[in-house]
Amino acid sequence: AGPVRFCLQGELRHGTRPITALKIGGKHHVMDKLFSGSMDGTLAVFQLTAEGYDFECVYVFDQHKSAITGIDMSWSHLYTSSDDGSIRVWCLTTYSIQRTLHAGARVKCLYVDEAHEDEETTGKAEGRGQAAAGGGGMEDDALKVKEPPCGYMYCGLTNGYVQKWRIG
């Protein structure tokens with residue numbers, strides 16, 4: 001008959017306060033970690049395994065002063081939002097905080113729209129198209145100039161605003 005659908009496979013423990021946010025992911029989009037945010041402001045990181053359901057808690061961080069309300073990630077960063085009005089940007093390699101952003105109100109949710117490496121714009125190169133001494137005039141050639149990738153983070157606040165932050 002096959003496996004039973006919708007049956008409990010296991011439970012993980014992250015403190016005693018309600019869990020308010022969850023995300024599975026990891027560096028370079030490898031799905032090897034479960035990130036759990038709690039009402040007490042702690043963030044737990046569980047190592048996922050290919051076999052079994054016993055996942056080890058490898059880190060617990062207490063950088064937020066209130067409930068973690070959102071967790072998202074990009075290629076190399078983890079983003080957490082909180083009722084304390086802050087957004088923390090974490091390095092997915094070292095789990096150190098790279099930036100703390102202050103939204104000005106409690107942050108209830110967030111979404112990361114990461115940059116894509118293939119975005120290009122058209123621009124003019126300096127010094128190109130100049131007539132060589134004694135030669136005929138050449139028109140400027142439009143060249144594709146690779147700009148650094150740029151992503152955005154959106155967060156919803158308790159004051160009714162949605163903020164858009166440039167992250168790249």
Side-chain angles (χ1 to χ4, degrees), residues 6-49 53-123 144-168:
F6 303 105
C7 65
L8 180 64
Q9 298 291 299
E11 292 180 317
L12 303 174
R13 184 77 170 175
H14 170 184
T16 58
R17 302 292 308 271
I19 302 304
T20 52
L22 290 172
K23 184 74 173 186
I24 291 180
K27 184 177 177 187
H28 301 158
H29 299 297
V30 174
M31 303 297 209
D32 64 345
K33 303 282 190 298
L34 170 69
F35 299 91
S36 171
S38 176
M39 175 100 37
D40 66 6
T42 59
L43 174 71
V45 182
F46 294 90
Q47 180 67 50
L48 301 181
T49 59
Y53 300 105
D54 294 325
F55 306 130
E56 179 185 2
C57 181
V58 291
Y59 300 106
V60 176
F61 301 102
D62 62 352
Q63 298 297 316
H64 285 288
K65 295 174 179 42
S66 295
I68 292 177
T69 56
I71 302 171
D72 209 348
M73 60 191 59
S74 65
W75 181 255
S76 60
H77 291 93
L78 175 73
Y79 300 81
T80 56
S81 61
S82 173
D83 272 342
D84 65 13
S86 72
I87 300 150
R88 309 268 193 226
V89 182
W90 308 73
C91 172
L92 279 171
T93 301
T94 63
Y95 293 106
S96 62
I97 293 178
Q98 303 293 299
R99 292 204 190 263
T100 300
L101 308 172
H102 299 282
R106 292 185 319 188
V107 184
K108 298 309 271 183
C109 56
L110 70 102
Y111 171 77
V112 173
D113 181 19
E114 64 184 313
H116 300 284
E117 294 288 337
D118 59 352
E119 293 175 359
E120 295 180 347
T121 60
T122 301
K144 285 204 171 194
V145 177
K146 193 108 162 157
E147 289 190 348
C150 173
Y152 296 94
M153 178 186 57
Y154 300 85
C155 57
L157 309 179
T158 56
N159 62 7
Y161 284 89
V162 174
Q163 292 180 341
K164 179 180 179 181
W165 295 75
R166 181 185 171 119
I167 59 173

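Because the structure is predicted, anything quoted here is derived from the model rather than measured. Values below: every heavy atom of this structure, side chains too, minus hydrogens, waters and symmetry copies.
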Summary of salt bridge (Lys or Arg N to Asp or Glu O under 4.0 Å) pairs that have at least one residue in [range], sequence neighbours excluded:
range	result
residues 56-66	none
residues 31-44	none
residues 7-25	Lys23-Asp72

For the pair Leu43 and Leu78, evaluate side-chain contact (heavy atoms from CB on, under 4.5 Å) and give the outcome as yes or no after the intermediate values. CA-CA 11 Å; Leu43 174 71; Leu78 175 73; 3.7 Å; yes

Compare every heavy atom of Gly26 with every heavy atom of Phe35, then report the nearest pair and how far apart it is.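 Shortest heavy-atom separation between Phe35 and Gly26 comes out as CE1-N, 4.4 Å.
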
Which pair of non-hydrogen atoms, one from Ser74 and one from His29, has the smallest distance, and what is that distance?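 Distance-wise, the nearest heavy atoms are C-CE1, 4.0 Å.
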
May I ask you to check if Lys164 and Tyr154 form a cation-pi contact, with NZ or CZ under 6.0 angstrom from the six-membered ring centre and within 45° of the axis?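 No, Lys164 and Tyr154 do not form such a contact.
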
Under the rule for ring-ring contact (aromatic ring centres under 6.0 Å, His included), what residues qualify as partners of His28, not counting sequence neighbours?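 For His28 the ring-ring contact (aromatic ring centres under 6.0 Å, His included) partners, ignoring immediate neighbours, are Trp75.
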
ring-ring contact (aromatic ring centres under 6.0 Å, His included) with Phe55: which residues, sequence neighbours excluded?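 Expected list: none.
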
Lys27: what forms a salt bridge (Lys or Arg N to Asp or Glu O under 4.0 Å) with it, not counting sequence neighbours?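 None.
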
Any chance you could measure Cys91, atom SG, to Arg99, atom CZ, to the nearest 0.5 Å?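 It is 13.0 Å, given to the nearest 0.5 Å.
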
Contacts of type side-chain contact (heavy atoms from CB on, under 4.5 Å), residue [X], not counting sequence neighbours:
X	value
Leu34	Leu12, Leu22, Ile24, Phe46, Leu48
Ile97	Gln63, Arg88, Trp90, Thr100
Tyr59	Val45, Phe61, Tyr95

Working note: Tyr79 + Ile71, criterion side-chain contact (heavy atoms from CB on, under 4.5 Å); need CA distance, chi angles, decisive distance, verdict. CA-CA 6 Å; Tyr79 300 81; Ile71 302 171; over 6 Å; no

Considering residues at least two apart in sequence or located in another chain, which fulfil the side chain to side chain donor-acceptor pair (under 3.5 Å) criterion with Ser96?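 Applying side chain to side chain donor-acceptor pair (under 3.5 Å) to Ser96 gives Thr94, Gln98.
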
Please list, chain by chain and in numerical order, all residues satisfying side chain to side chain donor-acceptor pair (under 3.5 Å) with Ser86, sequence neighbours excluded.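 In terms of side chain to side chain donor-acceptor pair (under 3.5 Å), with neighbours along the sequence ignored, Ser86 is linked to His64, Asp84.
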
Determine, step by step, whether Met73 and Val112 satisfy the side-chain contact (heavy atoms from CB on, under 4.5 Å) criterion, reporting the C-alpha distance in whole Å, the side-chain angles of both residues, the deciding distance to 0.1 Å, and the verdict. CA-CA 7 Å; Met73 60 191 59; Val112 173; over 6 Å; no

Indicate whether the side chain of Ser66 and that of Ser82 have a donor and an acceptor atom separated by less than 3.5 Å.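 No, Ser82 and Ser66 have no side-chain donor paired with an acceptor closer than 3.5 Å.
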
Is it the case that the side chains of His14 and Ser38 hold a donor-acceptor pair, with the cut-off being a distance below 3.5 Å and no angle test?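 No, no side-chain donor-acceptor pair sits under 3.5 Å.
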
Ser81 (side chain) donor-acceptor with Ile87 (main chain) under 3.5 angstrom: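 No, because the side chain of Ser81 does not come within donor-acceptor range (under 3.5 Å) of the backbone of Ile87.
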
Would you tabulate the side-chain donor-acceptor contacts of residues 103-111 under 3.5 Å, counting partners in other chains and residues two or more places apart, or write 'none'?
{"unit_1": "Lys108", "atom_1": "NZ", "unit_2": "Asp83", "atom_2": "OD1", "d": "2.9"}
{"unit_1": "Lys108", "atom_1": "NZ", "unit_2": "Asp83", "atom_2": "OD2", "d": "3.3"}

